[in-house]
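These numbers come from the heavy atoms of this one structure, side chains and all, not from hydrogens, waters or symmetry mates. For ligands, and for the atoms within them, numbers begin at 1 and follow the listed sequence. All values reported here derive from a predicted model rather than from experimental measurement.
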Amino acid sequence: MALIVHKYGGTSMGSVERIKNVARRVAKWRAAGHQIVVVPSAMSGETNRLIGLAKEIQEHPDPRELDMIASTGEQVSVGLLALALKAQGVDARSYAGWQVPVRTDSAYTKARIASIDDARIRADLDAGRVVIVTGFQGVDDDGNITTLGRGGSDTSAVAVAAALQAAECLIYTDVDGVYTTDPRVVPEARRLNVVSFEEMLEMASLGSKVLQIRSVEFAGKYRVPTRVLSSLTDPMIPLEEEMKSGTLITFEEDEKMEAAVVSGIAFSRDEAKITVVAVPDKPGVAFSILGPVAAANIDVDMIVQNQSVAGTTDFSFTVHRNEFKKAIDVLNTQVVKAIGALEIVADDKVCKVSIVGIGMRSHAGIASLMFKTLSEEGINIQMISTSEIKTSVVIEDKYMELAVRALHKAFGLDQTPEQ
Ligand code: ADP
Ligand code: ASP
Ligand code: MG
């Protein structure tokens with residue numbers, strides 16, 4: 001008998017029929033003697049619908065109220081799933097984040113989990129119940145409801161698994177694992193049986209939305225065995241088969257994983273590029289540009305400062321497209337005049353494409369194959385950033401799919417690797 005956390009995403013919870021299937025699957029695990037905590041998302045489309053309602057009233061909704069609204073999708077899900085389990089004769093109890101409580105900071109719409117009290121969950125598990133906890137939401141120290149950012153139910157699930165020291169966290173979704181790239185963009189993408197924690201962290205941070213990055217960070221920090229698998233299989237498939245399916249995130253590098261130099265391709269359309277033009281080239285300038293941006297709680301990604309010509313330089317960086325307008329406002333009001341720059345040039349029609357693989361550490365020439373492949377497709381690279389196990393480029397967003405497909409082929413990811 002083991003304590004296992006299941007997470008079901010929006011598609012998996014997308015209709016009453018699907019919720020009944022989730023209940024069948026959970027009942028199967030329970031019947032095998034396991035203690036089960038389930039963390040579901042809102043039904044598919046629901047979070048978008050709720051945010052849309054808020055935006056009909058206020059273009060940039062007050063963040064506290066937005067979280068009050070957006071968090072309700074998950075509350076409906078937990079209640080429905082509890083009913084579906086009871087209808088199948090399984091004792092279950094649902095909780096909203098604040099009832100557990102799942103404590104977070106007060107950064108509305110992108111709150112971070114600070115702690116999870118396991119007492120209530122454990123008491124129910126000990127009483128033989130399945131416990132269902134809302135994904136995506138928590139409560140701050142003042143009792144305000146917060147949400148964890150889009151895709152945040154993954155993080156709720158792994159954090160609950162860490163708090164309970166669960167044997168495994170199973171992330172059930174609408175694909176049967178982590179692929180070499182998004183199978184919706186490249187049909188030839190292959191499922192990976194295992195992916196290293198570091199690669200998964202890079203892929204998530206570079207835009208693969210199969211897992212929210214903070215869930216991968218939690219998995220790494222607390223060594224939570226985490227597996228991504230399909231919720232769309234027959235819920236009654238044998239448990240042994242299900243336990244081996246999907247993609248396991250591993251914390252140890254083995255030789256087989258080293259065999260693939262590049263393991264995956266990630267991409268993100270949510271990018272925007274901002275250039276501060278003709279910045280006086282002197283100490284402290286990077287700070288005087290990015291300091292106010294950071295103070296406005298805007299995350300900056302790639303940064304490039306050009307060689308200076310005649311004492312001035314151009315300073316470019318990328319931000320999430322959602323924060324593009326806010327970043328430009330900050331620069332226009334607090335930075336341009338203050339540092340004596342000429343102007344701001346902004347472009348939100350860019351995207352980021354990245355190749356990821358721990359094998360890149362020990363292989364030279366990987367980035368150059370990436371650049372060659374893009375040039376053969378006539379794609380201009382606007383910015384480049386590298387780390388030990390990834391290379392990312394910013395390109396015009398209309399070339400995103402083309403770039404991903406070309407790179408997937410160039411790195412041989414559509415071919416089954418030799419074992
Ligand atoms: P859920 O609602 O279950 O959380 P998401 O839509 O958030 O599901 O994440 C699953 C989706 O992630 C898949 O349908 C797929 O289109 C996308 N995806 C992006 N990159 C990958 C990848 N490398 N492997 C698998 N799926 C990916
Ligand atoms: N329902 C939330 C969202 O759509 C959280 C999640 O699905 O993980 O972003
Ligand atoms: Mg998701």
Side-chain angles (χ1 to χ4, degrees), residues 6-14 18 22 38-52 66-67 69-78 97 109-111 113 133-138 146-160 169-195 199-216 226-232 246-247 249 262-270 322 353-357 400-401 404 407-408 413:
H6 285 198
K7 182 261 173 177
Y8 292 90
T11 313
S12 318
M13 295 290 293
R18 292 229 166 121
V22 167
V38 189
V39 180
S41 297
M43 296 169 78
S44 60
E46 185 60 8
T47 310
N48 285 346
R49 188 184 75 84
L50 294 166
I51 294 173
L66 188 58
D67 277 1
I69 298 159
S71 62
T72 61
E74 272 69 12
Q75 191 169 328
V76 172
S77 283
V78 292
T109 77
K110 49 179 177 184
I113 294 177
V133 178
T134 48
F136 185 51
Q137 56 166 272
T146 56
T147 69
L148 309 180
R150 300 309 305 268
S153 296
D154 298 329
T155 304
S156 308
V158 180
V160 164
C169 182
L170 302 178
I171 310 273
Y172 289 91
T173 183
D174 58 3
V175 275
D176 63 354
V178 177
Y179 277 65
T180 47
T181 193
D182 189 339
R184 285 178 214 264
V185 171
V186 182
E188 296 79 24
R190 280 182 307 102
R191 183 176 60 78
L192 302 164
N193 283 323
V194 290
V195 63
E199 287 170 326
M200 196 60 240
L201 195 63
E202 287 285 7
M203 282 171 68
S205 85
L206 296 168
S208 302
K209 75 164 187 169
V210 61
L211 287 178
Q212 198 199 36
I213 177 154
R214 286 180 188 165
S215 71
V216 188
T226 302
R227 182 181 290 277
V228 177
L229 67 171
S230 175
S231 70
L232 304 178
T247 303
I249 299 178
V262 169
S263 304
I265 301 190
F267 51 85
S268 159
R269 215 186 276 283
D270 304 324
N322 280 343
V353 176
S354 311
I355 55 174
V356 175
M400 193 183 81
E401 274 91 357
V404 173
L407 292 168
H408 196 266
L413 292 176

Exercise for the section: In plain terms, say whether Glu401 and Arg184 are close enough for a salt bridge, that is, a side-chain N and a carboxylate O under 4.0 Å apart. Expected result: no
Problem - Of all pairs that satisfy salt bridge (charged side-chain N to carboxylate O under 4.0 Å, His left out), the ones with a partner from residues 201-214, not counting sequence neighbours - result: none
Handout entry: Short N or O distance, Lys7 and ligand 2, threshold 3.5 Å exclusive
Key = no
Handout entry: Geometric N/O contact Ser153 with ligand 2, under 3.5 angstrom
Key = yes
Practice task
Look at the side chain of Ser208 and the backbone N and O of Val210, then say whether any donor-acceptor pair between them is shorter than 3.5 Å.
Solution key: no
Practice task
Evaluate side chain to side chain donor-acceptor pair (under 3.5 Å) for Asp67 paired with Thr146, printing each intermediate quantity in order.
Solution key: CA-CA 5 Å; Asp67 277 1; Thr146 56; 5.4 Å; no
Fill in the blank from the handout: Numbered in order shown, the ligand 2 atoms found under 4.0 Å of a heavy atom of Arg150 are 3 (C), 4 (O), 9 (O)
Completion exercise
The atoms of ligand 2 lying under 4.0 Å from a heavy atom of Ser41, numbered in the order shown, are 6 (C), 7 (O), 8 (O)
Protein N/O near ligand 1 N/O, under 3.5 Å, which pairs?
residue  : atom   : partner : partner atom : Å
ligand 1 : 2 (O)  : Gly10   : N            : 3.0
ligand 1 : 3 (O)  : Thr173  : OG1          : 2.6
ligand 1 : 4 (O)  : Lys7    : NZ           : 3.0
ligand 1 : 6 (O)  : Lys209  : NZ           : 3.4
ligand 1 : 8 (O)  : Thr173  : OG1          : 3.2
ligand 1 : 14 (O) : Asp174  : OD1          : 2.8
ligand 1 : 14 (O) : Arg184  : NE           : 3.3
ligand 1 : 14 (O) : Arg184  : NH2          : 2.5
ligand 1 : 16 (O) : Asp182  : OD1          : 2.8
ligand 1 : 16 (O) : Asp182  : OD2          : 3.3
ligand 1 : 16 (O) : Arg184  : NE           : 2.6
ligand 1 : 23 (N) : Tyr179  : O            : 3.0
ligand 1 : 24 (N) : Tyr179  : N            : 2.8

Exercise for the section: Could you tell me whether a side-chain N or O of Thr247 sits under 3.5 Å from a main-chain N or O of Val178, the two making a donor and an acceptor? Expected result: yes
Practice task
Answer with yes or no whether Gly151 contacts ligand 2, where contact means a heavy atom under 4.0 Å from a ligand atom.
Solution key: yes
Exercise for the section: Specify the closest pair of heavy atoms between Tyr179 and Gly177, including all atoms of both residues, with the distance to one decimal. Expected result: CD1-O, 3.5 Å
Practice task
To the nearest 0.5 Å, tell me how far Leu232 CG sits from Arg18 CZ.
Solution key: 5.5 Å
Problem - Main-chain N/O of Gln75 paired with Thr134 side-chain donor or acceptor, under 3.5 Å - result: no
Exercise for the section: Select one of side chain, backbone, both or neither to describe which atoms of Glu74 lie under 4.0 Å from any atom of ligand 2, heavy atoms only. Expected result: side chain
Exercise for the section: Indicate the ring-plane relationship of Tyr172 and His6, choosing parallel, tilted or perpendicular according to the 30° and 60° boundaries. Expected result: tilted
Problem - Gly10 to ligand 2, any heavy atom closer than 4.0 Å - result: no
